[in-house]
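Report on the structure given below.
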Protein chains: 2
Amino acid sequence: MARDLAPAQIDVSADLIRAAGVKVTRGRVRVLDALHAARQPLSHAELEARLDDPAEPAMDRVTLYRILDSLVACGLALKAVDTRGVFRFSAAGAQRQHAKHVHFRCTDCGGVFCLKAEPPPPPRLPRGFRLNEVAFDLRGTCAGCSSREGV
Amino acid sequence: MARDLAPAQIDVSADLIRAAGVKVTRGRVRVLDALHAARQPLSHAELEARLDDPAEPAMDRVTLYRILDSLVACGLALKAVDTRGVFRFSAAGAQRQHAKHVHFRCTDCGGVFCLKAEPPPPPRLPRGFRLNEVAFDLRGTCAGCSSREGV
DNA sequence: CGGTAAACGCAACCTTGTTGCATTTGGAGG
DNA sequence: CCTCCAAATGCAACAAGGTTGCGTTTACCG
Ligand SMILES: [Mn+2]
Ligand SMILES: [Mn+2]
Ligand SMILES: [Zn+2]
Ligand SMILES: [Zn+2]
């Protein structure tokens with residue numbers, strides 16, 4: 001069963017980066033690959049650890065910061081702050097859809113649940129304010145945690 | 001109309017601190033006063049600026065951090081991280097009123113602005129979910145930061 | 001192939017927050 | 001009012017996360 005790798009599948013990250021209109025560099029491809037492979041948003045430190053591959057040339061700390069910023073700037077990655085105040089990055093593809101609906105965050109287990117409802121239109125802003133993002137988050141206890149605690 | 005100051009009104013912060021079971025110090029009273037007077041959660045840096053009163057002895061940077069931690073520990077203040085990853089503090093109890101309106105969070109300066117609009121009614125939740133809090137947060141650039149950057 | 005703007009590596013720097021330790025002080029108890 | 005000591009403060013040093021400046025390298029356009 002001599003199978004050849006699906007050629008369309010390889011270099012996904014490189015293609016995305018090219019399509020975003022910025023230079024395709026080894027570093028950017030590696031970082032975007034790592035973000036795609038991750039199942040949770042990663043901090044700079046966590047990314048540095050995952051990129052520590054003896055086969056690849058070591059990447060400078062500052063360069064990693066700049067690569068992350070560039071991926072965010074061209075819309076390929078998302079940046080958010082965690083509860084400790086540290087920035088975490090994720091590949092943009094999956095999250096884009098989450099802008100269109102409301103979320104429920106369980107304060108017990110930390111779980112995030114996507115609700116069917118879409119966020120209401122934002123109110124008018126004061127002069128000079130520029131809107132980038134709308135978050136309609138409900139906080140409370142999810143069904144699982146409610147039943148476990150409410151014995 | 002010689003009116004005397006209502007004696008019950010003065011030293012609110014000192015009474016709260018005493019009631020919380022920790023020592024009443026000049027620093028703690030000043031910080032809690034500042035938090036009560038604030039209309040938004042304040043960062044350590046913003047508090048330092050507001051406490052810079054030539055009439056009062058200067059407070060050490062580390063002491064301010066420790067005072068804030070102590071107020072949080074005894075339940076008189078709340079600590080939360082802003083969009084830049086910086087901690088912001090508010091007087092406990094102040095956030096009750098903030099549940100009734102929408103907030104704008106500046107991703108540049110981390111500032112939190114109270115908008116006049118009230119949050120929309122929450123959508124129906126799945127069975128078993130218990131709602132505690134509704135957060136309708138707008139993110140973007142505030143007027144001050146917009147003008148400073150958009151030369 | 002060049003030529004050039006963008007990306008990179010490195011050193012220095014900044015901000016936010018913490019730790020260790022010696023000194024001062026609030027306030028409980030005499 | 002005085003004594004005493006745990007708690008609070010001041011100061012120096014440290015640490016993590018992030019940024020800036022600048023000279024060198026590289027992606028990629030023509
Ligand atoms: Mn979602
Ligand atoms: Mn508010
Ligand atoms: Zn839960
Ligand atoms: Zn701002």
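The sequence lines fix the lettering, A, B, ..., with proteins before strands; numbering per chain opens at 1.
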In terms of side-chain heavy atoms of Thr63(A), which of dA7(C), dG9(C), dG18(D) is nearest? dG9(C)
Glu48(A) atom CD is separated from dG18(D) atom C1', nearest whole Å, by 12 Å
Give the rounded distance in Å between these two atoms: CD1 of Ile17(A) and C1' of dC28(D). 15 Å
Starting from C1' on dC8(C), measure out to CD1 on Ile67(A) and report it in whole angstrom. 8 Å
In terms of the nearest nucleotide of DNA chain C, which residue is placed more toward the 5' end: Ala58(A) or Val22(B)? Ala58(A)
According to the interplanar angle, ranging from 0 to 90°, do the rings of His44(B) and Tyr65(B) count as parallel (below 30°), tilted (30 to 60°) or perpendicular (above 60°)? parallel
Just how far, in rounded Å, is P of dC11(D) from CG of Asp60(B)? 6 Å
Using the rule side-chain contact (heavy atoms from CB on, under 4.5 Å), only one of Val22(B), Leu68(B), Asp33(B), Leu76(B) pairs with Arg28(B); which is it? Val22(B)
When you get a sec, tell me which of dA8(D), dA7(C), dT16(C) is the closest nucleotide to the side chain of Arg84(B)? dT16(C)
Mind grabbing the angle between the end helix axes of the helix from dC1(C)-dG30(D) to dG30(C)-dC1(D)? Five pairs an end, 10° rounding. 40°
At 4.0 Å (heavy atoms only), tell me whether Thr25(A) reaches a base, stays on the sugar-phosphate, or touches nothing. sugar-phosphate
Inspect the contact between Glu56(A) and Arg30(A) and indicate whether a charged nitrogen and a carboxylate oxygen are less than 4.0 angstrom apart. yes
Counting just side-chain N and O atoms, does Arg61(A) come under 4.0 Å of either OP1 or OP2 of dC10(C)? no
Lys79(B) NZ to dT16(C) P, in whole Å, measures 14 Å
Group every Ile, Leu, Val, Met, Phe, Trp and Tyr by side-chain heavy-atom contacts under 4.5 Å, then state whether Leu78(B) and Leu42(B) land in the same group. no
Which one, dT26(D), dT19(C), dG21(D), comes nearest to the side chain of Arg66(A)? dG21(D)
Find the distance Tyr65(A):OH to dA12(C):C1' and express it as a whole number of Å. 15 Å
Side chain of Val62(A), heavy atoms from C-beta onward: which of dG27(C), dT19(D), dT19(C) has the nearest atom to it? dT19(D)
Measure CZ/Arg26(B) against P/dG26(C) and give the value in whole Å, please. 9 Å
In whole angstrom, give the distance that lies between atom CG of Asp69(B) and atom P of dA7(D). 17 Å
Do the charged groups of Asp15(B) and Arg18(B) touch, with an N to O distance under 4.0 Å? yes
Should the pair Lys79(B) and Phe87(B) be classed as cation-pi, given the thresholds of under 6.0 Å to the six-membered ring centre and 45° from the axis? yes
Could you tell me how the ring of His98(B) sits relative to the ring of His103(B): parallel (under 30°), tilted (30 to 60°) or perpendicular (over 60°)? tilted
